[in-house]
Amino acid sequence: MDFNFDIIWGYFPLFLRGTLYTIGFSIASIILGSILGLGIGFGRMLKSPLWRWPFDAYVNIFRGTPLYVQILIVHFGVVPFFYGSTNALISGVVALSLNSAAYAGEIFRAGIQSVDSGQREAALSLGMTRGQSMRFVVLPQAIKRMVPAFGNEFIVLVKDSSLLALVAAPEIMYWGNTMKGQYMRIWEPYLTAAVIYFILTYSLNKLLGYIERRM
């Protein structure tokens, strides 16, 4: 196997730009997905099945269908409907955020329900409202338990963002495919992309481990 470093060096600025887009897609999606997921998590804890079913349906649909299909529906259906034309950057953030919200909702729900109900009752007996007991007693404990799960979700998002190459979003795999098409070579583009993803996820893993130890 001959390995040509010259073509990798020629594509280095493009891979660097793709890495920044990958990080941007992942950060935007985890933030928007967490905001949506918080509402979905509370919706999944409603006692009434009638009020709970839209949230149950959302989670089941987004967890039960491939992200590949969701990206195509958002890019060719949803974004043109609201935006007037396709846009890979908007489609990427929207598709990843909607998908991430389903998983973030489950993380919030599991984290909140893992806190002993006696602590909430004790807060209420001290005169706190339900909102105050959730904000000052339950959520601070739940968030500590959510950190590892959110870390895993963030790492998954970084890797799943490679699917955005389908709609020509200029992330890492997009430039890998472009290099492969230009030079008709396999090892250089895909090994370079794999190394970049590994560096990103390994660094994230170490950072999250540090944060967990500090909490």
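Below, each value reflects all heavy atoms present in this structure, side chains not excepted, and no hydrogens, waters or symmetry copies. A quick note: this is a predicted structure, and the numbers were derived from the prediction, not measured.
One distance of note links CD1 of Ile172 with CG of Leu200; it measures 5.0 Å at 0.5 Å rounding. Atom CG of Asp56 and atom CD1 of Ile61 lie 10.5 Å apart (nearest 0.5 Å). Rounding to the nearest 0.5 angstrom, the gap separating the CD1 atom in Ile71 from the CG atom in Leu166 is 6.0 Å. Taken from CG in Leu164 to CD in Glu171, the straight-line distance is 6.0 Å, to the nearest 0.5 Å. Atoms CG and CD1, on Leu204 and Ile211 in that order, are 9.0 Å from each other to the nearest 0.5 Å. Rounded to the nearest 0.5 angstrom, Met146 CE and Ile107 CD1 are separated by 8.5 Å.
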Please report, to 0.1 Å, the donor-acceptor pairs under 3.5 Å made by any side chain of residues 8-15, with sequence neighbours excluded.
| residue | atom | partner | partner atom | Å |
| --- | --- | --- | --- | --- |
| Tyr11 | OH | Gln182 | OE1 | 2.6 |

Distance-only criterion, 3.5 Å: show the donor-acceptor pairs between side-chain atoms of residues 133-141 and protein atoms not counting sequence neighbours.
| residue | atom | partner | partner atom | Å |
| --- | --- | --- | --- | --- |
| Ser133 | OG | Thr129 | O | 3.4 |
| Ser133 | OG | Arg130 | O | 2.8 |
| Gln141 | OE1 | Gln119 | NE2 | 3.3 |
| Gln141 | NE2 | Gln119 | OE1 | 2.5 |
| Gln141 | NE2 | Val137 | O | 2.9 |

When the side chains of residues 75-85 are checked against the rest of the protein, which donor-acceptor pairs come out under 3.5 Å, sequence neighbours left out?
| residue | atom | partner | partner atom | Å |
| --- | --- | --- | --- | --- |
| His75 | ND1 | Ser91 | OG | 2.8 |

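Hydrophobic clustering of Ile, Leu, Val, Met, Phe, Trp and Tyr side chains at less than 4.5 Å, counting indirect connections, keeps Leu20 apart from Tyr202. Using a 4.5 Å cut-off between side-chain heavy atoms of Ile, Leu, Val, Met, Phe, Trp and Tyr, with links allowed through other members, Leu191 and Phe5 fall into the same hydrophobic cluster. By the rule that hydrophobic residues join a cluster once side-chain heavy atoms approach within less than 4.5 Å of another member, Trp187 and Phe198 end up as members of separate clusters. Cluster annotation: Ile27 is connected to Leu32 through the hydrophobic network of ILVMFWY side chains, with a link wherever side-chain heavy atoms come within less than 4.5 Å. Under the 4.5 Å side-chain heavy-atom criterion for grouping Ile, Leu, Val, Met, Phe, Trp and Tyr, Val156 is not connected to Val93 through any hydrophobic cluster.
Applying the ring pair (Phe, Tyr, Trp, His ring centres under 6.0 Å) test to residues at least two apart or on different chains, the pairs with a partner in residues 31-59 are Tyr58-Phe62. Residue pairs meeting the ring pair (Phe, Tyr, Trp, His ring centres under 6.0 Å) criterion with at least one member in residues 99-123, sequence neighbours excluded, are Phe108-Phe150.
Residues passing the side-chain hydrogen bond (donor to acceptor under 3.5 Å, both in side chains) test with Ser26: none are found, sequence neighbours excluded. Residues satisfying the side-chain hydrogen bond (donor to acceptor under 3.5 Å, both in side chains) test with Ser100, not counting sequence neighbours, are Glu153. With sequence neighbours excluded, the residues that form a side-chain contact (heavy atoms from CB on, under 4.5 Å) with Ile35 are Ile31. Looking at residues two or more places apart in sequence or on another chain, you find a side-chain contact (heavy atoms from CB on, under 4.5 Å) between Leu89 and Tyr21, Phe25, Asn87, Pro170. For Thr201, the side-chain contact (heavy atoms from CB on, under 4.5 Å) test picks out Ile155, Val158, Lys159, with sequence neighbours left out. Partners of Asn205 by side-chain hydrogen bond (donor to acceptor under 3.5 Å, both in side chains), not counting sequence neighbours: none found. Under the rule for a side-chain hydrogen bond (donor to acceptor under 3.5 Å, both in side chains), the partners of Ser114 that lie at least two apart in sequence or sit in another chain are Arg145.
Other residues, nucleotides and ligands place no more than 12 heavy atoms under 6.0 Å from the CZ atom of Arg17.
For Gly111 against Ala142, the heavy-atom pair with the smallest separation is O-CB, 3.4 Å. In terms of heavy-atom proximity, Ser97 sits nearest to Ser29 at OG-CA, 3.3 Å. Across every non-hydrogen atom of Gly33 and Ala104, the tightest pair is O-CB, 3.7 Å.
Taking 4.5 Å as the limit, some side-chain heavy atom of Met173 sits within range of a side-chain heavy atom of Tyr190. For the pair Ile112 and Arg120, the minimum side-chain heavy-atom distance is below 4.5 Å. Two residues are said to be in side-chain contact when any heavy atoms from C-beta on lie closer than 4.5 Å; Leu208 and Asn152 fail this criterion. Side chains of Val74 and Val167 form no contact here, defined as non-hydrogen atoms less than 4.5 Å apart. Proximity of Glu106 to Val59: side-chain heavy atoms (C-beta onward) are separated by under 4.5 Å at one or more points.
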- Item | Evaluation steps, side-chain contact (heavy atoms from CB on, under 4.5 Å), between Leu96 and Leu67 | CA-CA 8 Å; Leu96 290 180; Leu67 178 58; 3.9 Å; yes
